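Everything below concerns the one structure shown next.
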Number of protein chains: 2
Amino acid sequence: MINFKELLKEHGIPPSLQRIKILEYLHNFKTHPTADMVYQALMDEIPTLSKTTVYNTLKTFTEKGILVALSIFENEVRYEYNTEPHIHFKCFKCGRIYDISKTFECLKNEEIEGHKVLEHHINLKGICKNCLVKAGA
Amino acid sequence: MINFKELLKEHGIPPSLQRIKILEYLHNFKTHPTADMVYQALMDEIPTLSKTTVYNTLKTFTEKGILVALSIFENEVRYEYNTEPHIHFKCFKCGRIYDISKTFECLKNEEIEGHKVLEHHINLKGICKNCLVKAGA
DNA sequence: TTACTAATTTGTAACGGTTACAAATTAATA
DNA sequence: TATTAATTTGTAACCGTTACAAATTAGTAA
Ligand SMILES: [Mn+2]
Ligand SMILES: [Mn+2]
Ligand SMILES: [Zn+2]
Ligand SMILES: [Zn+2]
């Protein structure tokens with residue numbers, strides 16, 4: 001059981017109620033949500049919550065390395081709790097994003113063609129397991 | 001020398017002046033431009049050009065497989081002429097996108113964890129060769 | 001407690017990339 | 001030519017995001 005209040009303090013972020021709840025949500029639900037999805041999910045629990053707070057908090061967490069921002073979709077940013085490196089699969093039909101546990105050591109290469117690599121993102125796209133079954137039926 | 005008029009016909013797209021020029025630009029300049037960059041670049045040559053036409057045309061070309069849409073940046077879509085598979089490196093400092101000639105046969109795998117893979121995008125991020133030199137100086 | 005100050009949150013307006021849509025223009029057909 | 005279809009254009013709207021000032025809350029010192 002993670003103490004989110006402590007985790008925030010460790011990253012130098014004063015643990016307000018909003019920040020704790022947002023972090024908690026990203027940790028518990030591995031659905032790669034957008035800022036709006038986080039907002040919608042927490043509205044009931046924190047009725048006064050502002051969407052701006054969600055945006056600001058997600059940005060802060062990402063800068064501090066607690067979260068990772070994903071650019072799989074064209075128009076919107078998705079967030080996830082920063083865990084072990086893995087790659088993503090996005091379904092063209094249902095839009096879901098799946099975690100694929102596959103690592104590419106060769107991309108951790110500090111240098112490639114003279115450029116210094118700090119991050120690498122691998123995004124697969126296609127038809128997911130579930131949608132394949134539906135289509136086949 | 002490519003005959004863009006013929007190329008469009010082969011893809012079932014009637015070759016208007018606008019469509020030819022937009023395709024020509026994407027083929028000649030491998031800068032992974034946004035829709036707006038294409039628009040700005042062609043304004044002089046086609047003074048009546050509308051930004052909507054650029055957006056529509058890029059979309060059509062992508063659907064027909066002539067172009068590829070990239071989601072490396074958070075907010076905007078980048079386009080490139082569909083050539084041999086390669087990966088991308090985006091510089092955090094200057095924002096340039098570099099082509100890296102490295103292929104991953106293992107990702108061409110039709111199936112991964114039950115999902116059918118149709119596309120794969122590999123995006124590296126860091127500090128590019130040029131910016132490293134400037135920082136070191 | 002109270003008064004004061006700093007940090008945080010909130011709500012609204014604005015921004016930027018993109019899309020919807022109808023009017024205008026151009027091309028194709030009879 | 002007249003008529004029709006395809007294409008382009010311009011404008012307004014959409015949507016995710018950000019800027020910013022006001023409101024609220026938390027922290028501190030009498
Ligand atoms: Mn993930
Ligand atoms: Mn490229
Ligand atoms: Zn699916
Ligand atoms: Zn650079």
Side-chain angles (χ1 to χ4, degrees), chain A residues 4-5 8-9 11-25 31-64 66-67 69-80 90 95 97, chain B residues 4-5 8-9 11-25 31-64 66-67 69-80 90 95 97:
Chain A
F4 296 106
K5 195 178 280 190
L8 287 172
K9 282 184 191 169
H11 283 86
I13 304 168
S16 68
L17 172 70
Q18 287 86 341
R19 300 208 257 240
I20 291 168
K21 288 297 176 186
I22 290 172
L23 179 54
E24 203 174 52
Y25 185 83
T31 54
H32 311 91
T34 63
D36 191 66
M37 288 172 185
V38 176
Y39 172 71
Q40 297 294 338
L42 295 178
M43 266 174 59
D44 290 338
E45 210 171 344
I46 314 171
T48 60
L49 183 63
S50 165
K51 205 178 276 190
T52 301
T53 300
V54 177
Y55 275 103
N56 290 338
T57 304
L58 293 175
K59 192 178 185 183
T60 304
F61 288 1
T62 303
E63 286 167 356
K64 297 284 184 179
I66 303 177
L67 300 181
L70 309 177
S71 294
I72 308 181
F73 283 84
E74 298 69 34
N75 46 345
E76 56 191 13
V77 178
R78 303 260 170 170
Y79 293 90
E80 72 175 347
K90 175 197 161 190
I97 299 177
Chain B
F4 296 106
K5 195 178 280 190
L8 287 171
K9 282 183 190 169
H11 283 87
I13 304 169
S16 68
L17 172 70
Q18 288 85 341
R19 301 209 256 240
I20 291 168
K21 289 296 176 188
I22 291 172
L23 179 55
E24 203 174 53
Y25 185 83
T31 54
H32 312 90
T34 62
D36 190 66
M37 289 171 184
V38 176
Y39 172 71
Q40 297 294 338
L42 295 178
M43 268 175 57
D44 291 338
E45 210 172 345
I46 313 172
T48 60
L49 183 63
S50 166
K51 205 178 275 189
T52 302
T53 300
V54 177
Y55 275 102
N56 290 338
T57 305
L58 292 175
K59 192 178 185 183
T60 304
F61 288 0
T62 303
E63 286 167 357
K64 298 284 183 179
I66 304 176
L67 300 181
L70 309 177
S71 294
I72 307 181
F73 284 84
E74 296 70 35
N75 45 346
E76 55 191 14
V77 179
R78 303 260 170 170
Y79 293 90
E80 72 176 347
K90 174 197 161 190
I97 299 177

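On a predicted model such as this, the values are computed, not experimentally measured, just so you know.
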Check: If you measure from NZ on Lys5(A) to CG on Leu23(A), what distance do you get to the nearest 0.5 Å?
Finding: 13.0 Å

Checklist line | Footprint string (nucleotides 7-17 of chain C, 5' to 3'): B base within contact, S backbone only, - free, heavy atoms under 4.0 Å | finding: -SSBBB----S

Notebook entry, point to check: Hey, does Leu8(B) have a side-chain heavy atom less than 4.5 Å from the side chain of Phe61(B)?
Noted result: yes

Next item on the list: Report the distance from atom CD1 of Ile72(A) to atom CZ of Arg78(A), rounding to the nearest 0.5 Å.
Entry: 8.0 Å

Notebook entry, point to check: side-chain contact (heavy atoms from CB on, under 4.5 Å) between Leu49(A) and Met43(A): does it pass, once the steps are laid out?
Noted result: CA-CA 6 Å; Leu49(A) 183 63; Met43(A) 266 174 59; 5.5 Å; no

Anything under 3.5 Å between a protein N or O and an N or O of nucleotides 24-30 of chain C, put it in a table, one pair a line.
none

Next item on the list: I would like to know whether Lys64(B) and Ile13(B) meet side-chain contact (heavy atoms from CB on, under 4.5 Å); could you show each step before the answer?
Entry: CA-CA 9 Å; Lys64(B) 298 284 183 179; Ile13(B) 304 169; 3.7 Å; yes

Next item on the list: For Arg78(A) and dC15(D), give me the distance from atom CZ to atom C1', rounded to whole Å.
Entry: 14 Å

Notebook entry, point to check: Between NZ of Lys21(A) and OH of Tyr25(A), what distance do you get to the nearest 0.5 Å?
Noted result: 13.0 Å

Item checked: Between CD1 on residue Ile66(B) and CZ on residue Phe4(B), distance to nearest 0.5 Å -> 10.5 Å

Next item on the list: Kindly compute the distance separating CG (Leu67(A)) from OG1 (Thr60(A)), expressed to the nearest 0.5 Å.
Entry: 10.0 Å

